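Below, read A as the first sequence line, B as the second, and so on, with proteins coming before strands; counting in each chain starts at 1. Model, not experiment: these values are computed from the prediction.
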There are 2 protein chains.
Amino acid sequence: MKQLIVKMGLAKTEIFTEDQNQIALFAKVFGHPARVAILQHLFKIDTCVCGDLVTEIKLAQPTISQHLKELKLLGLIKGNVEGTRVCYCIDSENWTTMKEVMFQFLNQDILEKQGCC
Amino acid sequence: MKQLIVKMGLAKTEIFTEDQNQIALFAKVFGHPARVAILQHLFKIDTCVCGDLVTEIKLAQPTISQHLKELKLLGLIKGNVEGTRVCYCIDSENWTTMKEVMFQFLNQDILEKQGCC
DNA sequence: ATTATTAATCGTAATATTGCAATGAAACAA
DNA sequence: TTGTTTCATTGCAATATTACGATTAATAAT
């Protein structure tokens with residue numbers, strides 16, 4: 001009667017390649033419409049966003065703050081303290097790096113299939 | 001004493017645009033390394049994959065089956081029954097559509113910022 | 001008919017994510 | 001100092017995700 005310790009509800013990252021985990025990490029952060037909306041707003045606005053996000057997106061301030069934290073953790077955005085305000089903007093260098101990783105994944109060529117499909 | 005019914009642990013998709021929800025849906029499915037690995041394998045192999053996936057990826061058969069289901073639900077892969085086996089392959093048409101949506105999001109131009117960042 | 005193979009489904013447990021009220025911290029304004 | 005603004009953090013509840021054992025369903029092989 002073996003005692004098996006199995007982690008569940010948790011991605012087994014150790015059985016995948018660095019590349020696969022990297023892609024999944026980036027994709028995961030885009031996997032919520034609020035974070036997509038935040039990033040789109042940061043791109044749209046000509047300057048850094050200082051607090052507009054809570055009025056722009058109809059979510060409570062702690063919720064927005066949490067999403068910003070995740071984007072910052074991945075390095076996709078930067079935050080600058082300006083008095084009582086914090087200004088956020090895209091980290092262009094890291095965004096480009098992320099883009100290269102995602103493009104390589106999404107742009108895989110579809111070979112001619114033989115048979116079933 | 002107001003009775004507030006608040007949904008939690010659930011994305012409030014209704015406050016976002018179709019586009020934002022669409023991007024998030026696609027990204028979400030790539031947000032797990034197993035699904036990334038499955039897709040990469042489907043691209044790599046010259047023909048349809050019939051059951052190799054469980055030996056290729058070190059996860060239990062029901063787990064792989066579940067991931068395949070999600071990929072199929074989004075239309076990114078197709079499954080053909082072949083006797084006792086099921087052959088999977090990329091749905092190239094839908095993959096291209098997805099790519100266009102994701103590219104438009106990822107390829108946003110970074111404007112020159114004034115000031116803080 | 002019986003058995004083997006393959007993959008889907010069900011049930012369940014562990015963990016993660018989402019969201020917000022309440023609170024805290026830091027800078028500014030009076 | 002005392003308030004005000006702005007954002008982060010904490011704590012918690014609801015829901016989602018991940019994983020797998022057990023089972024089922026369908027076909028193939030004997």
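- Sorted by first and then second residue, the salt bridge (Lys or Arg N to Asp or Glu O under 4.0 Å) pairs with a member in residues 23-33 of chain A form an empty list; sequence neighbours excluded.
- Using a 30° and 60° split on the angle between ring planes, A/Phe105 and B/Phe30 fall in the perpendicular class, above 60°.
- One atom, CG of B/Leu53, and another, C1' of D/dA19, lie 17 Å apart when rounded to the nearest Å.
- In the hydrophobic clustering of ILVMFWY residues, with side-chain heavy atoms under 4.5 Å counting as a link, A/Leu10 and A/Leu25 come out apart.
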**Asked** Are A/Asp19 and B/Gln40 close enough, and set up right, to give a side-chain hydrogen bond (donor to acceptor under 3.5 Å, both in side chains), and what steps lead you there?
**Response** CA-CA 11 Å; A/Asp19 187 52; B/Gln40 282 181 338; 3.3 Å; yes
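- In this structure, the ring of B/Trp95 has its center less than 6.0 angstrom from the ring center of B/Phe43.
- The phosphate of C/dT18 (OP1 or OP2) has a side-chain N or O of A/Arg35 nearer than 4.0 angstrom.
- Side-chain contact between A/Ile38 and A/Leu71: present, with at least one pair of heavy atoms (C-beta onward) separated by less than 4.5 Å.
- We find that CG of B/Asp52 is positioned 15 Å from C1' of C/dT5, with the value rounded to whole Å.
- Residue whose closest nucleotide on DNA chain D sits further toward the 5' end, between B/Ala11 and A/Thr13: B/Ala11.
- Atom NE2 of A/His32 and atom P of C/dA16 are 18 Å apart (whole Å).
- Residue pairs meeting the side chain to side chain donor-acceptor pair (under 3.5 Å) criterion with at least one member in residues 57-66 of chain B, sequence neighbours excluded, do not occur.
- The phosphate of D/dT6 (OP1 or OP2) has no side-chain N or O of A/Tyr88 nearer than 4.0 angstrom.
- By the salt bridge (charged side-chain N to carboxylate O under 4.0 Å, His left out) test, A/Glu70 pairs with A/Arg35, sequence neighbours left out.
- Atom CG in A/Asn80 sits about 16 Å away from atom C1' in C/dA26, given to the nearest Å.
- Contacts between residues 59-77 of chain A and DNA chain D, defined by a heavy-atom separation under 4.0 Å, are made by A/Gln61, A/Pro62, A/Ser65, A/Lys69.
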Below 3.5 Å between N/O atoms, which protein atoms pair up with nucleotides 28-30 of chain C? Just atom names and distances, please.
none

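- Within the 4.5 Å cutoff, side-chain heavy atoms of A/Met98 are placed close to those of A/Met102.
- Nearest-nucleotide assignment on DNA chain C puts the 5′-proximal partner with A/Lys58, out of A/Lys58 and A/Val81.
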**Prompt:** Step by step, would you call B/Glu100 with B/Thr97 a side-chain hydrogen bond (donor to acceptor under 3.5 Å, both in side chains)?
**Reply:** CA-CA 5 Å; B/Glu100 277 164 21; B/Thr97 308; 5.6 Å; no
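- Following chains of ILVMFWY side-chain contacts shorter than 4.5 Å, one cannot reach B/Val86 starting from B/Leu73, and the two form parts of different hydrophobic clusters.
- Remark: P of D/dA13 and NZ of B/Lys12 are 19 Å apart, rounded to the nearest angstrom.
- Interface residues of residues 20-29 of chain B facing DNA chain C, ordered by number: none; criterion, heavy-atom separation under 4.0 Å.
- Atom CG in B/Leu10 sits roughly 8 Å away from atom P in C/dG19 (whole-Å rounding).
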